[in-house]
Number of protein chains: 2
Amino acid sequence: MVRAGLTTERVVRAAADLADIVGLDSVTMSALARSFGVKDASLYSHIKNVSELRERIALLAAEEIADRFGAAVAGRSGKDALVAFADAYRTYALERPGRYAATQLQIDPALAAESAGARHKIDLTYSMLRGYGLAEPDLTDAVRLLRSTFHGFVSLEAGGGFGHPRDLGASWERAVEALHIALENWPASGSRTSGRRRTS
Amino acid sequence: MVRAGLTTERVVRAAADLADIVGLDSVTMSALARSFGVKDASLYSHIKNVSELRERIALLAAEEIADRFGAAVAGRSGKDALVAFADAYRTYALERPGRYAATQLQIDPALAAESAGARHKIDLTYSMLRGYGLAEPDLTDAVRLLRSTFHGFVSLEAGGGFGHPRDLGASWERAVEALHIALENWPASGSRTSGRRRTS
DNA sequence: CAAAAAACCTAGGGGCCCTAGGCAGAAAAC
DNA sequence: GTTTTCTGCCTAGGGCCCCTAGGTTTTTTG
């Protein structure tokens with residue numbers, strides 16, 4: 001009987017591809033086993049359970065994302081870097097929806113330690129913001145703002161949450177510009193009721 | 001044999017409460033039936049299937065949200081309205097995580113037609129932005145920016161996506177302020193590379 | 001080539017989703 | 001007030017999924 005040649009890495013890669021096609025929730029051990037032409041029990045020597053499978057998809061995605069984002073911002077700064085970063089973010093999320101969805105999972109710390117590429121993604125966001133001259137805690141607040149808007153937009157877009165006929169790419173560009181403006185005019189601390197821009 | 005007194009509404013309400021406790025994905029027909037002390041087959045006279053159950057949770061949530069948001073912005077305008085709206089948004093999402101998660105589902109149009117309160121929520125966002133003097137398509141872009149940031153933030157927060165020790169409430173306040181600034185200095189059309197604020 | 005290790009298997013238990021069809025309590029009709 | 005009808009909940013059962021235990025066959029290794 002010819003063997004399928006399963007390894008953890010090959011299984012995870014196939015699972016990621018499957019996730020991009022049928023959605024992360026539909027990545028089941030059974031479906032994955034079928035795609036390899038083996039029985040589901042056979043997968044359990046490579047993957048502990050279905051949660052670990054999905055978390056490993058997330059780790060794979062994190063590495064790919066770090067690569068893409070790094071390439072996108074390399075040699076750019078300021079608004080150019082922001083736009084490139086943002087576009088790389090959205091492109092990845094739309095091209096690889098299953099992988100992207102996996103990145104939102106809680107990862108078991110023991111597993112995350114194996115492939116430490118996960119944290120790298122956040123670091124890139126921080127370094128991209130250097131150009132705006134923010135200091136902590138504003139820097140963290142700004143990183144959170146960017147992550148929130150990016151993640152919110154692409155997840156609403158992917159989920160069909162935007163019903164209006166207005167072109168989504170155009171709305172995205174304007175959103176990124178608006179963020180750029182917000183970063184350039186970052187509010188001074190403790191101004192919840194006043195709120196006029198500073199002179200950047 | 002004493003009956004449980006199931007109705008569609010009571011079942012959905014219990015499902016929503018269950019979702020807030022155990023998470024939307026763990027709202028199963030079996031678990032729900034157990035909570036009523038009936039067999040799962042008994043639920044199918046009130047609810048077509050588990051998808052419809054979750055969508056009905058979303059409709060319930062949409063009504064509650066419309067109420068809360070309406071109350072939050074009533075009598076306010078400009079930044080006050082934005083802050084009140086934002087805080088109402090985040091509060092609801094954190095207080096009722098299961099219901100909130102349901103609002104991100106795709107709803108069957110036939111079902112949505114029954115309880116038309118769903119669309120109301122978007123209208124509120126539009127009307128809240130009136131004060132910033134935006135015209136279409138900028139208005140839609142701005143609504144999408146707000147929805148993206150709000151949804152992104154609370155979903156990252158709920159999913160434990162923010163690891164930094166910086167206080168989340170403070171980051172939220174700054175994010176809302178930053179959005180306010182972006183709205184006041186909304187970029188002029190077609191300025192992807194220039195990008196200086198206009199004089200509001 | 002023999003032994004050890006790895007890859008894949010069968011068997012089986014438990015949970016969830018959902019359909020079909022039955023019976024008994026409650027409401028409606030007379 | 002009885003009979004009829006309706007409805008609420010039931011049992012039975014099939015399908016898919018997750019996962020464990022333990023066996024067999026292939027590959028690797030000394």
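What you see below is based on every heavy atom in this structure, not just the backbone, and it leaves out hydrogens, waters and symmetry mates. Everything numeric here is computed off the predicted structure, so don't read it as measured data. Below, read A as the first sequence line, B as the second, and so on, with proteins coming before strands; counting in each chain starts at 1.
- The side chain of A41(B) approaches dT11(D) more closely than any other nucleotide in the set dT10(C), dT11(D), dC17(D).
- The pair R68(A)-E63(A) fails the salt-bridge criterion, with no side-chain N (NZ, NE, NH1 or NH2) lying under 4.0 Å from an Asp/Glu carboxylate O.
- For dT7(D), the OP1/OP2 oxygens have no side-chain nitrogen or oxygen of H46(B) closer than 4.0 Å.
- Remark: T28(A) is not in phosphate contact with dC16(D), judged by side-chain N or O atoms under 4.0 Å from OP1 or OP2.
- A salt bridge links R90(B) to E157(B): at least one charged side-chain nitrogen sits closer than 4.0 Å to a carboxylate oxygen.
- A cation-pi contact, defined as under 6.0 Å to the ring centre and within 45° of the axis, links R144(B) to F162(A).
- Protein atom CG of D25(B) is 15 Å distant from nucleotide atom C1' of dC17(D), rounded to whole Å.
- Taking only side-chain nitrogens and oxygens, R34(A) comes nearer than 4.0 Å to OP1 or OP2 of dC17(D).
- Closest to the V50(A) side chain, of the nucleotides dC8(C), dC9(D), dC19(D), is dC19(D).
- Going from atom CG of L6(A) over to atom C1' of dT26(D) covers 14 Å, rounded to whole Å.
- Going from atom NZ of K48(B) over to atom P of dC17(C) covers 17 Å, rounded to whole Å.
- Taking side-chain N and O atoms only, S42(B) has no distance below 4.0 Å to OP1 or OP2 of dG8(D).
- A straight line from CG of L53(B) to C1' of dC16(C) spans 14 Å, rounded to a whole angstrom.
- Contact annotation: R10(B) side-chain N/O to dG8(D) OP1/OP2 distance is not under 4.0 Å.
- If you measure from atom CG of N49(A) to atom C1' of dA21(D), you get 17 Å, rounded to the nearest angstrom.
- Residue M29(A) contributes atom CE, which lies 12 Å from atom C1' of dT20(D) at whole-angstrom precision.
- A salt bridge links D17(A) to R99(A): at least one charged side-chain nitrogen sits closer than 4.0 Å to a carboxylate oxygen.
- Here S30(B) reaches the OP1 or OP2 of dC17(C): one of its side-chain N or O atoms lies under 4.0 Å away.
- Computed from coordinates, the D40(A) CG to dG15(D) P distance equals 16 Å when rounded to whole Å.
- Considering CG of L124(B) and OH of Y89(B), their distance stands at 13.0 Å, rounded to 0.5 Å.
- One atom, NZ of K39(A), and another, P of dG12(C), lie 15 Å apart when rounded to the nearest Å.
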